[in-house]
Amino acid sequence: MTKPLAGIRVLELARILAGPWAGQVLADLGADVVKVERPGAGDDTRTWGPPFVEREEGGPLAAGYFYSTNRGKRSIAVEIDTPEGQDLVRRLASHADVVIENFKVGGLKKYGLDYASLSAANPRLIYCSVTGFGQDGPYASRPGYDFMVQGMSGIMSLTGEPEGEPLKTAVAYADVFTGLYASNAILAALQGRHASGRGCHIDMALLDTQVAVIGNQAMVHLLTGRPPPRTGNAHTSIVPYQVFPSADGHIIIACGNDGQFRKLCGLLGRPWADDPAYATNPGRVARRDVLVPEIAAVTSTWSKADLLAGFERVGVPAGPINTLDEVFADPQVLHRRMVSDLPEPAARGGTVPTLRGPIVIDGEPMVAPTAPPRLGQHGEEILADPAWGG
């Protein structure tokens with residue numbers, strides 16, 4: 001099939017994670033994404049290892065981190081702090097539909113590569129700026145990093161055990177969410193351009209994004225005036241909805257309604273659902289300190305396999321807590337082809353593994369067919385490409 005973004009040209013002046021993540025989503029959907037990198041060093045994440053993808057002849061090709069977020073792109077090495085480099089970027093931008101950049105606020109203006117300068121030559125250009133704190137406001141000039149933003153946004157105050165240390169997530173979710181929202185905004189702007197004939201400037205901020213995805217936890221504060229406490233693996237508004245012990249490990253039980261709770265009681269052989277105090281979710285939430293230990297006392301006498309099989313049989317949502325080796329051996333993950341090998345002649349074995357994006361259209365997984373590029377790999381090819389002014 002022809003992918004939805006075939007023919008769309010994206011110029012990526014971004015590095016590390018949030019901006020490149022947006023570019024990779026667009027590449028998976030068929031866009032031609034040209035990644036501009038610094039000669040010699042390239043994107044910072046090329047050296048963020050180990051682990052590294054190994055060269056066929058030995059030695060590192062680039063870090064796995066870089067390979068996680070640059071699939072399907074072409075790389076050109078450009079010194080943008082030179083007049084010649086700036087002219088080259090302007091030439092490419094004049095043929096682009098989209099520019100993605102994550103320089104500090106105003107950082108590209110001195111080069112004549114800001115939105116006002118580039119859109120004057122290409123009024124249809126959609127220019128997406130990704131920063132820590134946005135294009136305006138008291139923090140606009142600050143550098144922004146995912147870890148800082150997780151702390152500032154409140155998510156760390158909600159993550160961890162009640163008496164423990166606040167915890168960040170193991171994945172840089174402020175960056176990843178910002179990349180996903182940025183790609184959504186770019187797609188919306190492309191659609192809007194059909195009507196207006198003009199591009200626009202998209203202002204994406206890590207802090208905005210991470211605050212926005214606080215979601216239902218934000219509503220707890222907005223409705224009560226109190227910040228929600230850390231509850232570990234428990235849910236603030238649903239019981240039972242957390243980790244429970246078995247005789248040989250832990251599982252997750254996620255009863256989202258009263259009917260599922262009644263089925264749980266039937267499987268475990270306990271009459272809790274017949275007690276008016278526990279018959280509805282608000283009652284269970286109010287008495288979680290009593291009910292949860294009682295459920296745990298019963299589940300701890302069952303094997304993990306028997307619990308999971310029993311809950312599946314009666315229709316109670318439950319699942320294992322997998323390590324990554326178990327994830328990638330899971331039959332559903334295997335069936336959905338979440339991992340694929342992309343050709344890379346320079347890598348040992350001739351391929352590199354990649355996680356595909358989760359989008360499937362008409363049965364076809366949306367994953368770019370080419371591995372992340374070597375630094376400057378496509379410079380001559382891009383300069384000669386008529387679509388980019390060659």
Side-chain angles (χ1 to χ4, degrees), residues 5-6 8-49 52-56 59-82 84-103 108 111 113 128 130 179 182-183 186 342-348 350-355 357 367-390:
L5 296 186
I8 295 296
R9 293 182 292 276
V10 179
L11 187 64
E12 184 182 292
L13 305 175
R15 62 193 188 281
I16 304 181
L17 187 51
W21 196 273
Q24 182 170 261
V25 171
L26 301 178
D28 280 345
L29 292 169
D32 179 8
V33 180
V34 168
K35 184 177 182 71
V36 175
E37 300 187 74
R38 296 169 295 167
D43 191 308
D44 303 56
T45 61
R46 286 185 179 275
T47 62
W48 283 14
F52 291 92
V53 172
E54 296 295 326
R55 294 181 180 274
E56 182 64 53
L61 190 59
Y65 201 117
F66 177 82
Y67 276 82
S68 74
T69 189
N70 287 288
R71 176 178 60 245
K73 303 174 186 179
R74 297 193 285 173
S75 172
I76 184 170
V78 180
E79 289 277 13
I80 69 165
D81 56 356
T82 67
E84 297 78 14
Q86 293 153 23
D87 286 344
L88 176 54
V89 172
R90 277 191 285 271
R91 173 192 137 182
L92 296 173
S94 70
H95 294 276
D97 296 286
V98 178
V99 166
I100 303 172
E101 61 91 7
N102 67 344
F103 283 71
L108 289 176
Y111 300 138
L113 302 178
C128 179
V130 179
S183 60
I186 289 166
L342 298 178
E344 172 48 271
R348 183 173 297 170
T351 63
V352 292
T354 190
L355 286 179
V367 58
T370 58
R374 300 186 293 280
L375 177 58
Q377 177 181 352
H378 304 96
E380 293 183 4
E381 175 184 301
I382 293 164
L383 293 177
D385 189 339
W388 288 95

ask   = Considering the options Glu37, His378, Arg374, which one meets the side chain to side chain donor-acceptor pair (under 3.5 Å) requirement together with Ser75?
value =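 When Glu37, His378, Arg374 are each tested with Ser75, the side chain to side chain donor-acceptor pair (under 3.5 Å) holds only for Glu37.
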
Student check: side-chain heavy atoms of [X] and [Y] closer than 4.5 Å:
{"X": "Leu13", "Y": "Val89", "answer": "yes"}
{"X": "Ile186", "Y": "Ile100", "answer": "yes"}
{"X": "Val34", "Y": "Ile76", "answer": "yes"}
{"X": "Pro39", "Y": "Glu79", "answer": "yes"}
{"X": "Arg74", "Y": "Asp385", "answer": "yes"}

request  = Cation-pi check, Arg15 to Phe66: give yes when NZ or CZ is under 6.0 Å from the six-membered ring centre and within 45° of the ring axis, no otherwise.
outcome  =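 No, Arg15 and Phe66 do not form such a contact.
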
Do you know which two heavy atoms are closest between [X] and [Y], and how far apart they sit?
{"X": "Leu11", "Y": "Ala96", "answer": "CB-CB, 4.3 Å"}
{"X": "Pro369", "Y": "Pro343", "answer": "O-CD, 3.9 Å"}
{"X": "Gly72", "Y": "Ala27", "answer": "O-CB, 3.9 Å"}
{"X": "Ala347", "Y": "Val53", "answer": "CB-CG1, 3.8 Å"}
{"X": "Val352", "Y": "Ala371", "answer": "CG2-CB, 3.7 Å"}
{"X": "Pro20", "Y": "Asp43", "answer": "CG-OD2, 4.1 Å"}

Euclidean distance, [Y] [atom2] relative to [X] [atom1], rounded to 0.5 Å:
{"X": "Leu17", "Y": "Thr69", "atom1": "CG", "atom2": "OG1", "answer": "5.0 Å"}
{"X": "Arg9", "Y": "Leu92", "atom1": "CZ", "atom2": "CG", "answer": "10.5 Å"}
{"X": "Arg91", "Y": "Leu383", "atom1": "CZ", "atom2": "CG", "answer": "5.0 Å"}
{"X": "Asn70", "Y": "Lys35", "atom1": "CG", "atom2": "NZ", "answer": "4.0 Å"}
{"X": "Tyr65", "Y": "Ile16", "atom1": "OH", "atom2": "CD1", "answer": "7.5 Å"}
{"X": "Tyr67", "Y": "Leu61", "atom1": "OH", "atom2": "CG", "answer": "3.5 Å"}

query = Is a side-chain donor or acceptor of Thr82 paired with a backbone partner of Gly85 at a separation under 3.5 angstrom?
reply =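 Side chain of Thr82 to backbone of Gly85, a donor-acceptor pair under 3.5 Å: yes, one is there.
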
ask   = Just by modelled atom types, is the Ala14 backbone N or O under 3.5 Å from a matching donor or acceptor in the Glu101 side chain?
value =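 A pair under 3.5 Å: no.
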
message = Can you tell whether the side chains of Arg38 and Asp81 come within less than 4.0 Å, N to carboxylate O?
response =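 Looking at Asp81 together with Arg38, the answer is no, because their closest N to O distance does not fall below 4.0 Å.
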
key: Note: Asp87-Arg90 ion pair, threshold 4.0 Å (strictly below)   =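 Result for this pair is yes, salt bridge flagged.
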
Audit row: Leu113, Phe103, side-chain contact (heavy atoms from CB on, under 4.5 Å) steps and yes/no = CA-CA 11 Å; Leu113 302 178; Phe103 283 71; over 6 Å; no

query = For Glu381, does the CD atom have more than 12 heavy-atom neighbours from other residues, nucleotides or ligands under 6.0 Å away?
reply =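 Enclosed: over 12 neighbouring heavy atoms sit under 6.0 Å from CD of Glu381.
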
